[in-house]
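Sequential numbering from 1 along the given sequence is applied to the chain's residues.
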Amino acid sequence: VQLQASGGGLVQAGESLRLSCAVSGRTFNSYNMAWFRQTPGKEREFVAAVSWSGGSTYYEDSVKGRFTISMDSAKNTVYLQMNSLKPDDTAVYYCAAGTIRDYFSTYYYMQNSYDYWGQGTLVTVSS
């Protein structure tokens with residue numbers, strides 16, 4: 001399974017970006033998908049997740065109402081639409097895929113709930 005993240009860039013505060021993560025190698029709709037982010041010197045942190053069925057989404061508190069995670073099964077791609085970006089959103093964003101079922105609603109925010117990771121895409125938000 002391979003994940004290819006793209007869409008990062010440099011934007012000003014208040015602007016928007018859409019990140020994409022293309023998944024190859026296995027049936028796309030068997031995966032829970034998530035986005036994490038990391039800044040230098042800090043732990044990688046959870047941003048957003050969507051269940052394999054697309055029926056449930058989860059967000060870190062600081063991005064609720066601004067970010068939206070979605071899936072396009074026809075394109076084997078998951079998106080992260082980021083609106084009203086803030087300088088604190090500056091980070092390398094990683095997409096991840098995992099196959100847990102029974103406890104995903106409990107453990108969606110944990111890195112070890114995901115088996116596969118993309119290479120990361122840098123988002124820089126200037127003030």
Side-chain angles (χ1 to χ4, degrees):
V1 175
Q2 293 185 328
L3 282 67
Q4 181 70 43
S6 62
L10 172 63
V11 297
Q12 293 188 333
E15 294 184 339
S16 299
L17 273 178
R18 189 178 76 161
L19 305 183
S20 300
C21 178
V23 181
S24 62
R26 190 172 166 179
T27 305
F28 176 71
N29 59 10
S30 63
Y31 295 116
N32 305 308
M33 300 296 299
W35 289 94
F36 286 74
R37 65 187 179 186
Q38 189 171 23
T39 54
K42 291 188 175 182
E43 295 279 329
R44 190 173 298 185
E45 66 174 7
F46 169 76
V47 177
V50 57
S51 63
W52 65 275
S53 65
S56 298
T57 56
Y58 308 90
Y59 296 94
E60 192 270 331
D61 285 346
S62 70
V63 308
K64 284 180 181 177
R66 300 188 298 122
F67 290 11
T68 303
I69 189 170
S70 62
M71 303 167 71
D72 186 336
S73 297
K75 296 182 177 180
N76 286 2
T77 300
V78 62
Y79 302 101
L80 185 67
Q81 177 66 43
M82 306 185 295
N83 299 330
S84 302
L85 281 161
K86 304 175 181 180
D88 284 350
D89 295 318
T90 296
V92 176
Y93 284 71
Y94 298 89
C95 59
T99 56
I100 67 170
R101 288 287 185 267
D102 293 344
Y103 300 103
F104 183 65
S105 61
T106 301
Y107 300 121
Y108 59 87
Y109 63 95
M110 298 180 67
Q111 294 185 58
N112 60 11
S113 294
Y114 302 93
D115 307 300
Y116 306 101
W117 293 82
Q119 84 289 2
T121 184
L122 176 63
V123 173
T124 304
V125 184
S126 64
S127 57

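- For Thr90 (side chain) and Val125 (main-chain N/O), a donor-acceptor pair under 3.5 Å exists by modelled atom type.
- Hydrophobic clustering, with ILVMFWY side chains joined whenever heavy atoms are under 4.5 angstrom apart, groups Val47 together with Tyr31.
- Minimum interatomic distance between Asn83 and Ser16 (heavy atoms only, all atoms of both residues): OD1-OG, 2.9 Å.
- Cluster membership for Val63 and Val11, using ILVMFWY side-chain heavy atoms within less than 4.5 angstrom, is shared.
- The backbone N or O of Arg66 lies less than 3.5 Å from no partner atom in the side chain of Ser84, so there is not a single donor-acceptor pair.
- Counting only distance, with no hydrogens or angles, the side chain of Tyr109 and the backbone of Glu45 share no donor-acceptor pair below 3.5 Å.
- Rounded to the nearest 0.5 Å, atoms CD (Gln111) and OH (Tyr94) are 10.0 Å apart.
- Ion pairing between a basic and an acidic side chain is recognised when a charged N comes within 4.0 Å of a carboxylate O; Lys86 and Asp89 show no such pairing.
- Once rounded to the nearest 0.5 Å, the distance linking OH of Tyr93 with OG of Ser6 reads 15.0 Å.
- In this structure, the side chain of Gln119 engages the main chain of Ala5 through a donor-acceptor pair within 3.5 Å.
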*Check step by step if side-chain contact (heavy atoms from CB on, under 4.5 Å) holds for Val1 and Val23.*
CA-CA 7 Å; Val1 175; Val23 181; 4.2 Å; yes
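- The backbone N or O of Ala49 lies less than 3.5 Å from no partner atom in the side chain of Asn32, so there is not a single donor-acceptor pair.
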*Passes side-chain contact (heavy atoms from CB on, under 4.5 Å), Trp117 versus Arg44? Steps please.*
CA-CA 12 Å; Trp117 293 82; Arg44 190 173 298 185; 3.2 Å; yes
*asked:* What verdict does the side-chain contact (heavy atoms from CB on, under 4.5 Å) test give for Phe36 and Phe46, after you've listed the backbone C-alpha separation in whole Å, the side-chain angles of each residue and the deciding distance to 0.1 Å?
replied: CA-CA 4 Å; Phe36 286 74; Phe46 169 76; 3.8 Å; yes
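- Rounded to the nearest 0.5 Å, atoms CG (Leu17) and CD (Gln81) are 8.5 Å apart.
- Contacts of Lys42 classified as salt bridge (Lys or Arg N to Asp or Glu O under 4.0 Å), with partners at least two apart in sequence or in another chain: none.
- Of all heavy-atom pairs spanning Arg37 and Ser62, the tightest one is NH2-OG, 3.5 Å.
- Residues that satisfy the salt bridge (Lys or Arg N to Asp or Glu O under 4.0 Å) test with Glu15, not counting sequence neighbours, are absent from this structure.
- In plain terms, the two heavy atoms of Met71 and Ser51 that are nearest each other are SD-O, 3.5 Å.
- Inter-residue side-chain proximity for Tyr114 and Tyr108 is flagged as met; some heavy-atom pair is nearer than 4.5 Å.
- Listed here is the closest heavy atom pair of Ser20 and Thr77: CB-CG2, 4.1 Å.
- Neither Ile69 nor Tyr79 shares a network with the other; the hydrophobic side chains, linked directly or stepwise wherever heavy atoms of I, L, V, M, F, W or Y lie under 4.5 Å apart, form separate groups for each.
- When all heavy atoms of Gly8 and Val123 are compared, the closest pair comes out as CA-CG2, 4.1 Å.
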*asked:* Using side-chain contact (heavy atoms from CB on, under 4.5 Å), reason through Trp35 and Cys21 one step at a time and then give a plain yes or no.
replied: CA-CA 9 Å; Trp35 289 94; Cys21 178; 3.7 Å; yes
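- Clustering ILVMFWY residues whenever any of their side-chain heavy atoms sit less than 4.5 angstrom apart, transitively, puts Val92 in a cluster other than the one holding Met33.
- Here the two rings, on Phe104 and Tyr58, have centers that are under 6.0 Å apart.
- Atom CG of Leu85 is separated from atom OG1 of Thr124 by 10.5 Å, given to the nearest 0.5 angstrom.
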